[in-house]
J.: 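This structure is in structure tokens; I'll ask about it shortly.
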Amino acid sequence: MGHKRRGHTLKTSPSVDTQRQSGDERSLKHRICMVSDFFYPNMGGVESHIYQLSQCLIEKGHKVVIATHSYGDRRGIRYLTNGLKVYYLPLKVMYNQSTATTCFHSMPLLRCVFVRERITIVHAHSSFSAMGHDALFHAKTMGLNTVFTDHSLFGFADLSSVLTNKLLTVSLCDTNHIVCVSYTSKENTVLRAALDPEIVSVIPNAVDPTDFTPDPRCRDNSKITIVVVSRLVYRKGIDLLSGIIPELCGKHPDLCFLIGGEGPKRIVLEEVREKYQLHDRVRLLGALDHKDVRDVLVQGHIFLNTSLTEAFCMAIVEGASCGLQVVSTRVGGIPEVLPSELMTLCEPTVRSICDGLETVIAGIRSGNVASPAAIHRKVQTLYTWRNVAERTEKVYIRVCKEPVLSLSDRLHRLQNHCGAVAGCIFSFLAVLDFLFLLFLQWLRPDHLIDVAVDASGPHSRLGQSFSKKKSKMANPTLSSVS
Amino acid sequence: MAEEEFTDINGNSISLDCQTHSAFCREFTVNSPKLSLRKVMVYTCFIWIFAYTIFYFTENTAFLSSAIIVTLIGMMGYIHFVKVDRETLLIIGSLGVQLSSAYASGRQSTTFIEMNKLKDIVINEAVYMHSIIYYMCILIKDPADPDKVTSLVPLFQNSKPRLNCLVHVYRSCQEILAQTRLSMKQDKDWKTPEET
């Protein structure tokens, strides 16, 4: 019993804060640690989601730090805009930028981050991120509130998804709250991880509408351009695309394709181009930087998305924001992303997509489609990061009120939810993790870890140090860090 | 003048000794705890018991004598190259910064950094072993390109004081640096009208 109390000493301080300030929920400021394997300089949807969400939360006055693994020689502690602190922890990368899950080797560093930043909520992102799952596991052992955001859809049939689903079940069964990006994704996650739907919220992604503005002058109006921007992989339906290209190019001599992105399926598109002699009409741009995407998008009239599975398609929002006509497959969470007047939905077959494209092309020729500026105005208000941050804040407020499970409750939950074998194995791991935490607390007690100087949040020193820097010459005694 | 008690990142107590020689010259000395007898005993016993166990099975006396040599050389090497008793940072406003560390054997190592190479003294954070610590370092600039930082020289590397101690040293150093910059600026202001 005595041991247990020592393990949960961390919990008491935030909960005391909560009680004192519960009179006004809005003024309650959280100290959030976002954990994910995926962050800049790696590029992608998850990375920009974490960055934008953090920026908006900082704007709302919360303290946010990000923990990720080191990328090349980018290791240690870095600061981004507005005092967003990023810990690039030296953990070994195993596969596809994901760290190895050994459950324990990340504990000392993550504990140090949580303690020195006085974190109250740990928010992990992406189910592919082993570091995120590790962090959730350790945070629960340390008695911190946990939130998880799932960014992708999974199947149920093949071996890898069966294993990932089991891991997800274990990882999420005692997490306080789960966020999904669309209702389809919520349904999928609830089924995969056998969760109570009550604790799963839906908060969509957003795009920065100022980055994706239409510019009709960039278009070549003598022909009709179809833009495809996606990674060239099976999941994005590149095989469908290779069926569509020859069929439409045969029918419409003024049609051309602009394809951005890189991947193993590029060879399929190159074969098609070779076979039908379409070198002047199908341009493959290769890998695109995120900043170049807009310049490619504005050159087109139609944005085509052929994904076979998608939790929330950012690409079609970006396309619509640039004022393009969107044609997409009706899979996953896509139908809920945009209102039906802004996009044309088709079944994921070559026939159906061709029909959809034909109607849109006919619409463009006759001129009865909405102007790019009108589409942009509609999309502009649909998805903003401020809105996402507001909704995430509500999740945090709710999570803060919930108690963190004690070790015995956690073991109960694990054994009841995850089946006999996995439940026992992970209960054992949870106990080991707890003992490891006690060992670390003995080796390096919490009071020996220096509390970090806040760079964001209510006690931020960043704004002050800027003004101090200016006054450095006038009054040297003021120019100090702490 | 004042001597204050602080701890290093592992919780061992260290003492910080600040001496103000003049308004432009200060000296900071961080004293680490002396080599403890208990630590020496534990390591010696460990090596000797290990050697005796091998000797028990092999009955080869070479192991025993090598254990004695290893212990002696290890201890000498430790006090001569590893164990630092005292680290001193002497900052002289118009001249530069002198860093010296005194080893337990009495060996001294000293480096000097000129003022025109020194860009600033800052407190930084780093991942060290399995934790994240604050440390103090000097930013070295290239005299040709004053905006660029070419390298870092960490201070108090062996004693590793905690943040509260570093902040104390940092404030005093910044006072002197600011005064120096101010006087250099005044010098320039004085010279330019005469030259023109």
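From a predicted model like this one, the values you see are computed outputs, not experimental measurements. Every chain is numbered from 1 and lettered A, B, ... according to where its sequence line falls, protein lines coming before strand lines. As a basis for the values below, the full set of heavy atoms in this structure was taken, side chains included, without hydrogen atoms, waters or symmetry mates.
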J.: Which answer fits B:N124, side chain, backbone, both or neither, if we ask what part of it has an atom under 4.5 Å from a heavy atom of chain A?
T.: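 For B:N124, there is no contact with chain A at all, as no heavy atom is under 4.5 Å.
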J.: For each of B:T7, B:D8, B:I9, B:L166, tally heavy-atom pairs with chain A at distances under 4.5 Å, and name the one with the top tally.
T.: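 The residue among B:T7, B:D8, B:I9, B:L166 with the greatest pair count is B:I9.
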J.: Count the heavy atoms belonging to other residues, nucleotides or ligands that lie under 6.0 Å from CD of B:Q108, then report whether that count exceeds 12.
T.: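 Yes, the 6.0 Å shell around CD holds more than 12 heavy atoms from other groups.
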J.: Considering heavy atoms only, which positions within residues 74-93 of chain A lie below 4.5 Å of chain B?
T.: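 Residues A:G76, A:I77, A:Y79, A:K85, A:Y87, A:L89, A:P90 are the ones that qualify, each having a heavy atom under 4.5 Å from chain B.
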J.: A quick test of your reading: do over 12 heavy atoms of other residues, nucleotides or ligands sit less than 6.0 Å from NE2 of B:H80?
T.: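 Counting neighbours around NE2 of B:H80, more than 12 heavy atoms of other residues, nucleotides or ligands fall under 6.0 Å, so yes.
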J.: With a 6.0 Å cut-off (strictly less than), is the heavy-atom count around CZ of A:F428, excluding the residue itself, greater than 12?
T.: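 Not more than 12 within 6.0 Å, no.
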J.: More than 12 non-hydrogen atoms from neighbouring residues, nucleotides or ligands closer than 6.0 Å to CZ on A:F104, yes or no?
T.: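 Yes, enclosed.
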J.: Are there more than 12 heavy atoms of other residues, nucleotides or ligands under 6.0 Å from atom OH of A:Y71?
T.: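 Yes, because the 6.0 Å sphere around OH of A:Y71 holds more than 12 heavy atoms from other groups.
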J.: Around atom CG of A:D73, are there more than 12 heavy atoms from other residues, nucleotides or ligands closer than 6.0 Å?
T.: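 No, CG of A:D73 has 12 or fewer neighbouring heavy atoms, counting only those of other groups under 6.0 Å.
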J.: How many angstroms lie between atom NE2 of A:H447 and atom CZ of B:R162, to the nearest 0.5 angstrom?
T.: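 CZ of B:R162 is found 8.0 Å from NE2 of A:H447.
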J.: Take atom NZ of B:K117 as the centre, draw a 6.0 Å sphere, and report whether it contains more than 12 heavy atoms from other residues, nucleotides or ligands.
T.: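 12 or below, so no.
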J.: Measure across A:L109 and B:V127 and return the closest heavy-atom pair with its distance rounded to 0.1 Å.
T.: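 Taking A:L109 first and B:V127 second, the nearest heavy atoms are CD2-CG1, 3.8 Å.
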